Amino acid sequence: MDTLAIKGGTPVRTNKIGYGHQWIDEDDIEAVAEVLRSETVTCGPFVTAAEKALTDYTGAKYAVAVSNGTAALHCAIMAAGIGEGDEVITTPLTFAASANCALYCGARPVFADVDKETYNIDPDSIEVHITPRTKAVVAVDFTGQPVLADRIRQICDKHNLIFIEDAAHSIGTFYNGKAVGNIADMTTFSFHPVKTVTCGEGGAILTNNKEFYDKLVLAHTHGITKNPELMENPSPEGPWVYEQISLGFNYRLTDIQSGLLVSQMKKLNAFKARRQEIVRKYNEAFKDMDEIFIQKEVPGADSCRHLYIIRINKEKLNCTRREFFDALAAEGICCQVHYIPVYYFPYYKSLGYEKGLCPVAEEIYEGIMSIPLFPKMSDSDVDDVIKAIGKVAEYYRK
Ligand SMILES: *Cc1c(COP(=O)(O)O)cnc(C)c1O
């Protein structure tokens, strides 16, 4: 048996590899330079082109580009008309923004538990948590695998709830033949550099509903409009007149970022193909390795995975998650943990949330780590990850 690097052995690799990384080519750089040579740096045609790239890809009717994925969630909650006293059901296994968006509007996030095999929000648990105050579900496509949208749709229709899909992980994913972005009432994307396509910082909300669309547009630009259909006085005294008809924010995406987003969207299918290839290799390598669990694939899904998560099997290993994680880092494989359950954070504790709310999510959290998954990985990078995990698992095998 090989001595682990953390015990003084030779590491699998010396140049460390992280869990995610963007892919920027010369044509992306050229696309940004083109914007800078043009007449506009914000509020111009590149923003419109970015929104069109998103509706073209997904088949959704409307897209509003915004400054980041958190702003996208905030706008969706505002467009849903959610406020003081309302409840929004979401998952604890997510980035804090999925829950924070409800708090921004004075509503209370309510955490439903997750499925123990896919780690996505469990529709049965959503139903258990519905009260007369519930107004929406923010369902997260965790790691890029789609939530069970048919079931969630039924539940939302039955209880008159708005279905918001936090698709920060899942651009490029299809569920039962339909693109994520064209499934829920509103779908939010993030274009942060660790996500599948990036424009530095950026986000978008997609919808097929004109009423939501109008509200999203207002929410991301101060509640100000020049649209005569929305104005109180549609024949104003001069061309300078605009009206503020609601309270919004400045969450606009710039043309500079939009130029990069348009360029990146052209590569989405190539990124997806490579991510899927790596996921297949990992699945193949780990399927018979009893020391770790891997996520079960969601039936009916063609997933563009953002993360690949392994979970240690305590029955088969003589180590903690921390020891496994540190041993991998010493081998040159730097993992991350997605995610600490949101309600563990001190801020949520101060709002009265306590451990124990979602036992399945809590148990999953104890054993998980995200291993490298990004399209720029070479085959030998992938082999190194597999080799290092095999080496650590063998060393700590019971
Ligand atoms: C990244 C992420 C967000 C927030 O996106 P930003 O663009 O970083 O604001 C929201 N939800 C999930 C699940 C995310 O992973």
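Computed from a predicted structure; not experimentally measured. Along the sequence shown, residues are numbered consecutively beginning with 1. FYI, side chains are in, hydrogens and waters are out, and symmetry mates aren't considered; it's all heavy atoms of this structure. Counting starts at 1 for both ligands and their atoms, following the listed order.
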What does the 4.0 Å heavy-atom contact list look like for ligand 1?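 Shell around ligand 1 (4.0 Å, heavy atoms): N68, G69, T70, L73, T94, F95, A97, S98, V140, D166, A168, H169, S190, K195, G202, Y339.
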
Interatomic distance, I364 atom CD1 to F142 atom CZ [nearest 0.5 angstrom]: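 The distance works out to 8.0 Å.
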
Ring pair (Phe, Tyr, Trp, His ring centres under 6.0 Å) for H338 and Y19? Distances and angles first, verdict last. CA-CA 11 Å; H338 298 95; Y19 82 92; 4.8 Å; yes

Before we go on, tell me: are the rings of Y348 and Y343 under 6.0 Å apart, centre to centre?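 Judged by ring-centre distance (under 6.0 Å), Y348 and Y343 do not meet the cut-off.
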
Does the gap between the ring centers of H220 and F249 come in under 6.0 Å?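 No, they do not, as the ring centres are separated by 6.0 Å or more.
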
Can you list the residues that meet the salt bridge (Lys or Arg N to Asp or Glu O under 4.0 Å) rule with D381, with sequence neighbours excluded?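 Testing D381 for salt bridge (Lys or Arg N to Asp or Glu O under 4.0 Å), a comparison that skips the adjacent residues, returns R13.
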
Against the six-membered ring of Y365, is R321 placed for a cation-pi contact (under 6.0 Å from the centre, within 45° of the normal)?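 Geometry flag: set, cation within 6.0 Å and 45°.
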
